[in-house]
S.K.: 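A single structure is presented below for examination.
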2 protein chains.
Amino acid sequence: MVQKSKPPAAANEPERRGEPKRRGRPRTYEPDVALGKALDLFRRQGFAATSLDDLSEATGMNRPSLYGAFGDKRELYIKSYQRYREDARASMVEIFREEMPLRQRLERIYAAALNIYLSGETGPRGCFTVVTAASEAVGDPEIRAMVLEGLAELDKAFANCFRRAKEKGELPAGADPAALAQLASATVHTIAIRSRARVPRKELEGIVKGAIDVMVGAGTRS
Amino acid sequence: MVQKSKPPAAANEPERRGEPKRRGRPRTYEPDVALGKALDLFRRQGFAATSLDDLSEATGMNRPSLYGAFGDKRELYIKSYQRYREDARASMVEIFREEMPLRQRLERIYAAALNIYLSGETGPRGCFTVVTAASEAVGDPEIRAMVLEGLAELDKAFANCFRRAKEKGELPAGADPAALAQLASATVHTIAIRSRARVPRKELEGIVKGAIDVMVGAGTRS
DNA sequence: GGATTAATTTGCGATATGGTACAAAAATCG
DNA sequence: CGATTTTTGTACCATATCGCAAATTAATCC
């Protein structure tokens with residue numbers, strides 16, 4: 001009994017730092033992984049086609065726990081979308097930040113995008129921003145605002161990238177970074193859509209390659 | 001009583017030619033307009049979020065009539081999508097066929113697309129091919145096949161258009177019609193998505209303008 | 001007019017759905 | 001241990017949903 005207050009720091013518990021001891025009955029789920037499962041489902045099926053029972057089964061949480069942890073279905077959808085955005089941003093931010101030639105940067109961005117869009121055990125799931133734009137965004141102002149933000153964020157990142165390339169002389173003086181950025185975003189959107197129609201990866205990579213060729217200046221013979 | 005078999009060809013009935021006399025109780029709806037109403041709803045709300053009651057109310061047909069005329073909800077969705085494709089094709093086929101400069105052709109195609117995507121009493125409804133790709137296409141092979149066909153049809157039309165332009169010398173010898181076509185389709189897809197997020201028309205027109213500039217060769221000073 | 005045909009109308013039924021109330025369970029605190 | 005706190009599990013409710021069966025209405029055919 002000298003010190004049994006803490007069982008020997010058992011390994012399989014996450015043991016949050018900073019959150020020393022939770023008071024009541026411990027959770028049987030980890031909120032982060034549960035949210036990830038919910039996101040998976042929403043990405044595949046959309047909001048309306050995904051029932052609370054589906055979500056309950058996928059997360060392993062029963063409905064009251066779901067409700068307690070994330071709020072109602074709409075709130076869960078919104079949190080899932082925010083999570084998606086964080087994940088997507090995390091997978092690209094380094095590529096946008098690092099120093100590298102324009103063409104290489106674009107290639108790596110699109111490779112990252114394709115990895116996101118083509119992942120999924122039961123088939124490719126596309127881009128959640130596009131899925132949401134095509135469904136809930138028309139009718140729900142709050143969700144629409146988030147989608148707009150997502151679209152704008154990508155535009156901005158691409159614009160930045162073309163602006164820098166132009167300054168470094170990788171683009172002709174007449175090039176319009178903003179216009180190129182929107183073409184680059186458009187290419188992201190088209191592969192997001194096509195991936196959901198199960199267009200094979202090779203073909204999507206071909207589209208990306210063609211788009212990059214045009215954007216970095218098809219005139220420039222390699 | 002000399003000839004009362006036909007009431008004097010009353011004007012307000014469509015009076016199909018070739019279909020001389022229908023046998024039983026006359027329909028109170030016109031299948032074409034009913035299908036149009038169903039399409040409107042599906043475009044706005046998607047498949048799962050649209051109930052048979054919604055469709056019944058919008059078409060003025062009650063559920064059994066709907067069922068009798070179009071089959072179940074999924075069949076109605078499929079017929080709605082086919083109708084959408086016919087409408088969209090009709091609004092563009094002339095522009096693709098007529099003889100005109102490349103830039104003008106692109107401008108007119110995108111103007112037609114924007115008209116389709118921004119129409120709708122309760123807000124813009126976007127492109128039904130994109131909406132369907134983002135929802136039902138992943139899970140339903142038959143619907144997916146139609147979506148693929150819709151995507152390919154547009155690609156092909158654009159490719160044709162760039163190929164002809166190249167032959168006429170409107171594009172540099174190194175231009176790749178297929179790659180340009182996919183960029184042109186990508187631009188269609190991006191404005192379809194953005195329109196559903198209520199990006200204002202002016203901004204969409206700006207995107208189109210920038211894309212056209214790049215595609216017809218930004219190098220070519222006007 | 002009576003039979004036939006085809007559409008409409010009403011209403012049902014089985015199930016699914018989103019959300020919640022309430023008691024039991026599992027931890028900490030004193 | 002007993003009180004407290006937090007989560008879980010079961011059950012439930014009101015409503016929505018899809019699809020259909022049965023009866024009704026309105027037209028044509030003979």
S.K.: Distance check, rounded to the nearest 0.5 Å: A:Cys127 atom SG versus B:Ile193 atom CD1?
M.R.: 7.5 Å
S.K.: So does A:Arg22 get a side-chain nitrogen or oxygen closer than 4.0 Å to the phosphate oxygens (OP1/OP2) of C:dA26?
M.R.: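 For C:dA26, OP1/OP2 do not have a side-chain N/O of A:Arg22 under 4.0 Å.
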S.K.: Among C:dG19, D:dG9, C:dT9, which nucleotide sits nearest the side chain of A:Asn62?
M.R.: D:dG9
S.K.: Nearest whole angstrom, please: distance from the P of D:dC12 to the CZ of A:Arg63.
M.R.: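 Going from CZ in A:Arg63 over to P in D:dC12 covers 14 Å.
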S.K.: Nearest whole angstrom, please: distance from the C1' of C:dA21 to the OH of A:Tyr67.
M.R.: 13 Å
S.K.: Tell me which residues in residues 51-59 of chain B lie within less than 4.0 Å of DNA chain D, going by non-hydrogen atoms.
M.R.: B:Ser51, B:Leu52
S.K.: To check you understand the geometry: which heavy-atom pair defines the closest contact between A:Met146 and A:Arg85, and what is its length?
M.R.: O-NH1, 3.2 Å
S.K.: For the residue pair A:Ser80 and A:Leu39, what are the closest heavy atoms and their distance?
M.R.: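 Looking at all heavy atoms of both residues, the closest pair is O-CD1, 3.6 Å.
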S.K.: Looking at B:Thr190 and B:Ala186, would you say the former's side chain and the latter's main chain have a donor-acceptor pair under 3.5 Å?
M.R.: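 Answer holds: no.
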S.K.: Which one of B:Phe42, B:Tyr77, B:Phe128 satisfies the ring pair (Phe, Tyr, Trp, His ring centres under 6.0 Å) criterion with B:Tyr84?
M.R.: B:Phe128
S.K.: Output the single nucleotide from D:dC29, D:dT7, C:dT20 whose closest atom is nearest the side chain of A:Pro64.
M.R.: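 That would be C:dT20.
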S.K.: Please report the distance, rounded to the nearest Å, between CD in B:Gln45 and P in D:dA16.
M.R.: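 Distance, rounded to whole Å: 15 Å.
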S.K.: For residues 116-124 of chain B, dump all side-chain donor-acceptor pairs below 3.5 Å to protein atoms at least two apart in sequence or in another chain.
M.R.:
residue  : atom : partner  : partner atom : Å
B:Ser119 : OG   : B:Ile116 : O            : 2.9
B:Ser119 : OG   : B:Arg125 : NH2          : 2.5
B:Thr122 : OG1  : B:Arg44  : NE           : 3.1

S.K.: Measure the distance from CZ on B:Arg25 to P on C:dT5 and round it to the nearest whole Å.
M.R.: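 Nearest whole value for this atom pair: 18 Å.
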S.K.: Check every atom of C:dA27, C:dC29, C:dC12 against the side chain of A:Arg23 and return the nucleotide holding the closest atom.
M.R.: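 Out of C:dA27, C:dC29, C:dC12, the nucleotide with an atom closest to A:Arg23's side chain is C:dC29.
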S.K.: So if I take every side-chain heavy atom of A:Tyr29 and compare against D:dT8, D:dG19, D:dC12, which nucleotide ends up nearest?
M.R.: D:dT8
S.K.: Tell me the interatomic distance from A:Leu66, atom CG, to C:dG19, atom P, rounded to whole angstroms.
M.R.: 11 Å
S.K.: Given C:dA7, is OP1 or OP2 found less than 4.0 Å from the side-chain N or O atoms of B:Ser65?
M.R.: no
S.K.: Separation of B:Met61 atom CE from C:dA6 atom P, in whole Å?
M.R.: 16 Å
S.K.: Please report, rounded to the nearest Å, how far the C1' atom of D:dC18 is from the OH atom of B:Tyr77.
M.R.: 18 Å
S.K.: Does B:Gly24 or B:Thr50 map to a spot on DNA chain D nearer the 5' end, using the closest nucleotide for each?
M.R.: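 Result: B:Thr50.
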S.K.: Which nucleotide wins on minimum distance to the side chain of A:Arg27, given the candidates D:dT8, D:dC18, C:dG18?
M.R.: D:dT8
S.K.: Rounded to the nearest 0.5 Å, what separates atom CG in A:Leu66 from atom CG in A:Asn62?
M.R.: 7.5 Å
